[in-house]
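Chain letters run A, B, ... following the sequence lines, proteins first, then strands; residues in each count from 1.
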2 protein chains.
Amino acid sequence: MPSTVQKKPRQQTPPSVQLLSCAPHVVLTHLGDKWTILVVLLLARAPENRLRFSEIKRGVQGISQRMLTLTLRMLERNGLVLRHYYSEVPPRVEYELSAMGKSMLYPLEVFTGWIGENWQAMQQARERYDAREDRTP
Amino acid sequence: MPSTVQKKPRQQTPPSVQLLSCAPHVVLTHLGDKWTILVVLLLARAPENRLRFSEIKRGVQGISQRMLTLTLRMLERNGLVLRHYYSEVPPRVEYELSAMGKSMLYPLEVFTGWIGENWQAMQQARERYDAREDRTP
DNA sequence: CCGTATCCGACACGATACTG
DNA sequence: CAGTATCGTGTCGGATACGG
């Protein structure tokens with residue numbers, strides 16, 4: 001591939017700001033998966049931000065055991081959640097938001113707050129869009 | 001089920017607490033997909049929050065034409081982006097953040113700000129986690 | 001230039017079954 | 001109770017080609 005970076009074949013808009021799929025964006029992508037946020041929000045409401053596996057399972061409507069395990073592993077791996085294992089019979093495991101996990105709650109609330117204020121408008125926009133017929137090519 | 005109060009350091013979770021995969025969460029899931037946030041952030045930086053299709057394509061590293069189209073359609077459908085079509089030859093299309101789209105920028109910055117301050121810590125947590133051998137069952 | 005159509009592989013996710 | 005293991009499927013997203 002010949003490098004033509006030095007040449008400006010045509011005058012084009014501002015010197016291209018380029019966004020890479022950087023680490024922060026990857027984080028956001030992970031948090032945006034199907035269950036992570038719901039689990040975090042549930043822990044946020046819990047006393048001491050701490051719940052048993054089965055409590056989370058009951059609290060997050062529709063999550064499978066497999067996906068809950070994977071979600072919690074991911075959160076633990078990223079240091080957002082602490083895993084406390086008690087080798088009793090039957091075993092008991094509790095999950096707790098770490099300090100970093102708790103520090104995420106405010107930004108998360110700001111965002112979910114915005115969504116709460118705007119999702120009806122989005123809903124309406126969708127309906128308007130879908131009703132349109134004069135879609136331009 | 002006998003109610004035992006002893007050795008229960010904390011109270012049980014109220015059974016009423018249940019999180020559904022509600023509309024706000026769905027929104028967050030959409031925004032958390034592979035490209036949406038990057039496109040929004042690029043528009044946020046642009047003069048008048050407005051760019052041509054090809055400018056966005058160049059600005060978002062690695063995005064395919066197909067995915068950019070789909071991403072922009074989704075943003076337009078949800079009312080976050082406005083599409084301006086000019087039937088010239090060759091045609092020109094510009095995309096602009098709507099008022100609602102702009103109103104998202106602050107919440108987004110709060111969130112990306114938090115990520116910016118914490119993603120190294122997450123990285124380290126991951127490395128620590130992966131290096132561990134004493135994983136509890 | 002700005003899309004749409006089609007094919008296809010990868011993987012996220014669910015269902016189920018089985019252990020310590 | 002709190003996980004693993006395994007398998008099947010739907011969807012996401014990349015590559016490519018074509019069209020207005």
- Query: Hey, which of these two, Thr136(B) or Ser64(B), hits DNA chain D nearer its 5' end, going by closest nucleotide?
  - Reply: Thr136(B)
- Gap between atoms CE and P, on Met74(A) and dA12(C) respectively (whole Å): 11 Å
- Using heavy atoms to find the nearest nucleotide of DNA chain C for Leu72(B) and Ile63(A) separately, return the residue whose nucleotide is more 5′. Leu72(B)
- Query: Think Arg52(A) has a side-chain N or O under 4.0 angstrom from the OP1 or OP2 of dA2(D)?
  - Reply: yes
- Message: Measuring from the side chain of Arg66(A) (C-beta onward, heavy atoms only), which nucleotide among dA15(C), dC2(C), dA2(D) has the closest atom?
- Response: dA15(C)
- Query: In terms of the angle between their ring planes, are Phe111(A) and Phe111(B) parallel, tilted or perpendicular, with boundaries placed at 30° and 60°?
  - Reply: perpendicular
- Any sub-3.5 Å donor-acceptor pair from His84(B)'s side-chain atoms to Arg92(B)'s backbone N or O? no
- Message: Is the phosphate of dT4(D) approached by Arg73(A) (side-chain N or O, under 4.0 Å from OP1 or OP2)?
- Response: yes
- Is the side chain of Asp33(A) donor-acceptor paired with the backbone N or O of Thr36(A) at a distance under 3.5 Å, no angle test? yes
- Using heavy atoms to find the nearest nucleotide of DNA chain C for Pro90(A) and Pro91(B) separately, return the residue whose nucleotide is more 5′. Pro91(B)
- Query: Taking CD from Glu88(B) and P from dC2(C), how many angstroms apart are they, rounded to a whole number?
  - Reply: 10 Å
- Starting at CG of Leu70(A) and ending at P of dC11(C), how long is that distance when rounded to a whole Å? 15 Å
- Query: Can you check the Arg58(B) CZ to dC1(C) C1' distance for me, whole Å?
  - Reply: 11 Å
- Would you mind telling me which of dC13(C), dC2(C), dG13(D) lies closest to the side-chain atoms of Asp33(B)? dG13(D)
- Query: CD of Glu94(B) versus C1' of dC1(C): gap in Å, rounded?
  - Reply: 13 Å
- Identify whether any heavy atom of Tyr86(A) sits under 4.0 Å from a base atom; if not, whether one sits that close to sugar-phosphate; answer base, sugar-phosphate or nothing. nothing
- Message: Could you check whether any side-chain heavy atom of His30(A) comes within less than 4.5 Å of a side-chain heavy atom of Val26(A), counting everything from C-beta outward?
- Response: yes
- For Glu48(B), look at atom CD and say whether over 12 heavy atoms of other residues, nucleotides or ligands are found less than 6.0 Å away. no
- Task: Quick one: label Lys57(A) by what it contacts on the DNA or RNA (base, sugar-phosphate, nothing), any heavy atom closer than 4.0 Å.
- Result: nothing
- CG of Leu68(B) versus P of dC1(C): gap in Å, rounded? 14 Å
- Roughly how many Å is it from CZ in Arg83(A) to P in dC1(D), rounded to a whole number? 16 Å
- Message: Side-chain N or O of Ser54(A) versus OP1/OP2 of dA2(D): is the shortest distance under 4.0 Å?
- Response: yes
- Task: Mind calculating the distance between CE (Met67(A)) and C1' (dC13(C)) to the nearest angstrom?
- Result: 6 Å
